[in-house]
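Numbered from 1 within each chain, the chains take letters A, B, ... in sequence-line order.
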There are 2 protein chains.
Amino acid sequence: MADKQPTIKEIARRLNISVSTVSRALHDHSSIGLRTKMRVKELAQELNYEPNQTAIFFQQRKTFTIGVILPELAESFFSSAISGIEDVAYKNSYTVLLGQSHDDFEREKQLTESMKKHRIDGLLVSVSKNTHTYDHFKLLENAGIPVVFFDRIPTIPAIHYIACNMISGTVQAVSYLLKKGHRVIGMINGPENLFATGERTDGYIQAMQKNRLKYDPSLIVHSDLSTESNFEAMQQLINHKRKVTAVVAFNDYVAMDAMHYAALKKVEVNKDIWFVSYANLPMVHYLKYQPAASVEQFPNLQGKKATEMLLELLTKKEEEGDTSHYKIIVDSKLVVYNE
Amino acid sequence: MADKQPTIKEIARRLNISVSTVSRALHDHSSIGLRTKMRVKELAQELNYEPNQTAIFFQQRKTFTIGVILPELAESFFSSAISGIEDVAYKNSYTVLLGQSHDDFEREKQLTESMKKHRIDGLLVSVSKNTHTYDHFKLLENAGIPVVFFDRIPTIPAIHYIACNMISGTVQAVSYLLKKGHRVIGMINGPENLFATGERTDGYIQAMQKNRLKYDPSLIVHSDLSTESNFEAMQQLINHKRKVTAVVAFNDYVAMDAMHYAALKKVEVNKDIWFVSYANLPMVHYLKYQPAASVEQFPNLQGKKATEMLLELLTKKEEEGDTSHYKIIVDSKLVVYNE
DNA sequence: CATGCACCAGCAAACGTTTGCGTTATTTAT
DNA sequence: ATAAATAACGCAAACGTTTGCTGGTGCATG
């Protein structure tokens with residue numbers, strides 16, 4: 001076992017021809033005679049020759065590998081995304097190098113370093129919650145490695161990104177509730193430093209304006225997304241001086257906690273109070289308390305688009321010069337459950 | 001921007017010394033004087049030198065990369081597993097190359113090929129449902145690339161693997177139900193060709209024997225895991241000539257379907273009929289109908305252990321000779337929900 | 001004063017491929 | 001027939017590192 005892998009050299013030696021000829025023969029280069037091509041290919045087959053990719057990577061200064069850094073693989077949003085990423089990469093015979101930051105800024109930095117060393121051709125990243133500086137990404141770009149951000153994108157200019165516009169979905173969500181007759185709509189929003197939090201707020205306000213209703217800031221409460229914090233937020237809404245009959249929750253987990261808390265306080269879900277949330281979960285239908293609708297963020301699609309964007313950048317790069325930045329926004333969309 | 005990456009050569013040129021000296025200086029080799037070391041390191045720092053890993057990989061015939069092939073990243077079981085894998089790999093400064101087979105045998109083969117070309121140091125794999133031959137893995141091993149199987153393991157000898165023993169958990173599950181007074185316990189099992197299906201059956205039988213009860217094969221029905229099939233299976237159990245008061249479901253999804261179907265048929269869950277399932281899901285607590293208990297399979301742990309095993313094999317390899325095969329079985333464990 | 005021994009540093013090969021250019025036959029056009 | 005074009009292949013450099021071996025100092029030892 002463990003035979004030495006045959007090399008191009010070996011083939012050349014056996015056939016008494018030069019390595020360059022073998023190489024060209026294997027690549028169907030036009031300057032090699034049909035006879036020799038055949039002989040080379042046959043022997044290659046016979047010896048089970050496989051080109052040494054590491055040698056090729058080295059020689060070509062290209063690895064056909066894209067790095068992916070995201071916060072947490074176990075989160076269903078990201079695992080859907082990576083699934084889409086891998087699919088597109090695979091179809092284009094690229095390979096995926098993986099790293100999770102666990103929302104740790106330092107680890108994110110280390111990962112970018114490590115990936116740079118691995119000479120990835122490009123990077124896909126969804127930044128950690130604690131990322132506050134972006135030099136580590138700039139470093140990659142300066143080294144000619146394009147970076148595409150997805151979903152969690154930094155608030156800096158001159159980057160490529162694809163993100164989901166939470167505003168549209170939020171507008172739809174709030175409008176849906178308004179149409180159902182709700183007038184006092186609460187929102188359990190996320191941590192204030194998150195981009196996605198701001199978008200939800202904007203969407204809420206826009207929807208109110210569109211319907212010529214007054215916006216009451218006290219109806220938007222914030223949670224750090226822990227269960228306790230979610231409970232607390234829900235408590236605030238229940239105790240609000242106005243009677244809140246509907247709640248837009250930051251995501252499904254928050255919604256589940258909120259609904260749970262409401263039930264505890266004898267506020268009946270889908271009777272006294274209604275919920276709309278953002279879809280991270282595939283199995284809302286099996287839940288004890290179901291939100292009436294949920295905003296879909298298309299993680300798989302985002303992953304795919306991001307990868308396509310990156311691959312595009314990789315081919316464009318050869319042609320140089322272009323300094324424009326790609327931005328794609330996919331609209332989120334409200335999915336109303338047929339109760 | 002896009003400065004040419006400085007090389008060891010460049011440093012040598014600037015310092016008027018040889019490349020070998022620079023290389024050794026950077027590695028703190030004992031045969032280099034302190035003075036030169038300092039000079040080299042300073043300049044390296046200044047130029048922002050980074051060793052070209054692809055060159056090193058090539059030169060050392062080692063990539064510090066492990067491949068991971070699994071069926072479906074979006075499945076929570078596997079995303080937990082990969083999360084554990086990445087963690088251990090990262091801690092040991094290994095890198096993870098990713099591929100999903102989508103339970104497609106051909107794609108699995110292609111992935112192993114691709115990974116072999118990438119010269120991964122080792123492979124972690126959970127085989128696809130349709131994998132019926134294993135030559136593609138043997139090929140890797142013959143090339144000196146160790147393969148460790150996890151969770152979904154082939155039924156062939158002489159392999160390294162880590163798997164979860166479903167028997168123990170199943171015995172616990174059935175025993176639990178027996179202790180609760182149930183005497184007619186149904187089981188919705190999976191496709192018959194799956195290893196995990198057999199183990200569940202075995203566990204069921206063992207538990208019955210242990211309690212000196214007669215085993216009734218007609219109480220075990222099979223599903224292909226689709227919702228329709230799950231419904232059908234549940235129907236069979238409900239219509240069974242004996243009155244089934246408890247059901248062990250293949251996994252949480254199956255359980256959810258089964259419970260849903262039971263409810264539709266006016267068989268009240270956790271009153272007329274009780275469920276135990278296998279935990280793929282983190283949020284059973286939020287479900288409308290909850291199983292009374294669930295068998296934990298520790299995907300994250302399996303991933304970790306598998307990676308540790310692989311890394312161990314990688315270091316052992318240097319010492320050669322050892323042809324033994326590692327096997328680790330982690331026991332599954334029943335988690336009873338405090339209703 | 002010669003010998004030996006640390007100590008430092010350089011030379012060159014090697015890893016496996018690709019590719020620009022040069023060389024030799026062979027064919028084609030004039 | 002002769003120059004010119006073409007076909008088929010080889011030479012050697014290059015990609016960036018590591019590493020075995022060799023060589024040259026300076027210094028203490030015999």
Side-chain angles (χ1 to χ4, degrees), chain A residues 2-41 43-44 47-65 116-121 143-144 318, chain B residues 2-41 43-44 47-65 116-121 143-144 318:
Chain A
D3 277 335
K4 283 274 156 290
Q5 292 264 0
T7 76
I8 226 175
K9 257 183 190 164
E10 175 69 10
I11 298 185
R13 200 181 53 73
R14 295 215 196 192
L15 256 37
N16 245 328
I17 58 182
S18 81
V19 288
S20 46
T21 304
V22 176
S23 172
R24 283 192 249 256
L26 257 13
H27 286 83
D28 269 327
H29 193 282
S30 64
S31 84
I32 302 296
L34 203 64
R35 264 210 82 63
T36 354
K37 273 187 194 169
M38 295 308 288
R39 294 208 306 148
V40 169
K41 288 185 181 177
L43 184 58
L47 294 184
N48 248 308
Y49 167 76
E50 288 195 8
N52 182 333
Q53 287 287 7
T54 67
I56 298 178
F57 291 161
F58 169 48
Q59 215 267 140
Q60 314 256 288
R61 284 163 221 75
K62 191 159 191 311
T63 58
F64 286 96
T65 300
K116 182 174 175 208
K117 284 192 194 152
H118 269 260
R119 293 294 204 268
I120 54 169
D121 292 335
E318 335 256 275
Chain B
D3 278 335
K4 283 274 156 291
Q5 292 263 0
T7 75
I8 226 175
K9 256 184 190 164
E10 175 70 10
I11 298 185
R13 200 182 53 73
R14 295 214 195 193
L15 257 36
N16 246 329
I17 56 182
S18 80
V19 287
S20 46
T21 303
V22 175
S23 171
R24 281 191 250 257
L26 257 14
H27 287 82
D28 269 328
H29 192 282
S30 64
S31 87
I32 302 295
L34 203 63
R35 261 211 85 62
T36 354
K37 273 187 195 168
M38 294 309 288
R39 293 208 308 147
V40 169
K41 287 187 181 176
L43 184 58
L47 294 184
N48 248 308
Y49 166 77
E50 287 194 9
N52 183 333
Q53 287 288 7
T54 67
I56 299 178
F57 291 162
F58 168 49
Q59 214 267 137
Q60 313 255 290
R61 285 162 218 77
K62 189 157 193 303
T63 58
F64 287 95
T65 299
K116 182 173 174 210
K117 284 191 193 152
H118 269 260
R119 292 293 203 270
I120 53 168
D121 293 334
E318 335 256 274

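With sequence neighbours excluded, no residue forms a ring-ring contact (aromatic ring centres under 6.0 Å, His included) with B/Tyr49. Scored by the side-chain hydrogen bond (donor to acceptor under 3.5 Å, both in side chains) test, B/Ser20 finds B/Ser18 as partners (sequence neighbours excluded). Every residue two or more places apart in sequence or in another chain that forms a side chain to side chain contact (heavy atoms under 4.5 Å, CB included) with B/Ser31 is listed here: B/Arg24, B/His29. B/Asn16 pairs by the side chain to side chain contact (heavy atoms under 4.5 Å, CB included) definition with nothing, not counting sequence neighbours. Residues passing the salt bridge (Lys or Arg N to Asp or Glu O under 4.0 Å) test with B/Arg61: none are found, sequence neighbours excluded. Listed by chain and number, the residues in a side chain to side chain contact (heavy atoms under 4.5 Å, CB included) with B/Gln53 are A/Lys117, B/Ile56, B/Phe57 (sequence neighbours excluded). Partners of A/Arg39 by side chain to side chain contact (heavy atoms under 4.5 Å, CB included), not counting sequence neighbours, listed by chain and number: A/Leu15, A/Ile17. Looking at residues two or more places apart in sequence or on another chain, you find a salt bridge (Lys or Arg N to Asp or Glu O under 4.0 Å) between A/Lys41 and A/Asp28.
Shortest non-hydrogen contact noted between A/Pro51 and B/Arg119 is O-NH1, 4.0 Å.
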> Step by step, would you call B/Thr65 with B/His118 a side chain to side chain contact (heavy atoms under 4.5 Å, CB included)?
Replying inline: CA-CA 9 Å; B/Thr65 299; B/His118 269 260; over 6 Å; no
> Where do B/Leu47 and B/Glu10 land on the side chain to side chain contact (heavy atoms under 4.5 Å, CB included) test, with the steps shown first?
Replying inline: CA-CA 10 Å; B/Leu47 294 184; B/Glu10 175 70 10; 4.3 Å; yes
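In this structure, A/Thr54 OG1 and B/Ile120 CD1 are separated by 13.0 Å, a value rounded to the nearest 0.5 Å.
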When you compare the protein's N or O atoms with those of nucleotides 24-26 of chain D, which come within less than 3.5 Å of each other, and at what distance?
none

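Each of B/Phe58 and B/Ser30 was matched to the nucleotide of DNA chain C holding its nearest heavy atom; the match closer to the 5' end belongs to B/Ser30. Positionally, the nearest nucleotide of DNA chain D for B/Pro51 lies more toward the 5' end than for the other of B/Arg24 and B/Pro51.
Residue contacts for B/Arg61: at a heavy-atom cut-off of 4.0 Å it reaches the sugar-phosphate backbone alone, with no base atom in range. Note on B/Tyr49: only backbone sugar-phosphate atoms sit closer than 4.0 angstrom, heavy atoms only; bases stay farther off. Note on A/Thr36: only backbone sugar-phosphate atoms sit closer than 4.0 angstrom, heavy atoms only; bases stay farther off. If you check every strand for non-hydrogen atoms under 4.0 Å, B/Glu50 touches sugar and phosphate atoms only. If you check every strand for non-hydrogen atoms under 4.0 Å, B/Thr7 touches sugar and phosphate atoms only.
Inter-axis angle, ends of the helix from C/dC1-D/dG30 to C/dT30-D/dA1, five pairs per end, rounded to 10 degrees: 60°.
Sorted by residue number, the members of residues 12-22 of chain A with any non-hydrogen atom under 4.0 Å from DNA chain D read A/Asn16, A/Ile17, A/Ser18, A/Ser20, A/Thr21.
Here chain B contacts DNA chain C (any atom closer than 4.0 Å to a heavy atom, that is under 4.0 Å), and the contacts span C/dC8 to C/dG16 from 5' to 3'.
Atom NE2 of B/His29 and atom C1' of D/dC21 are 12 Å apart (whole Å).
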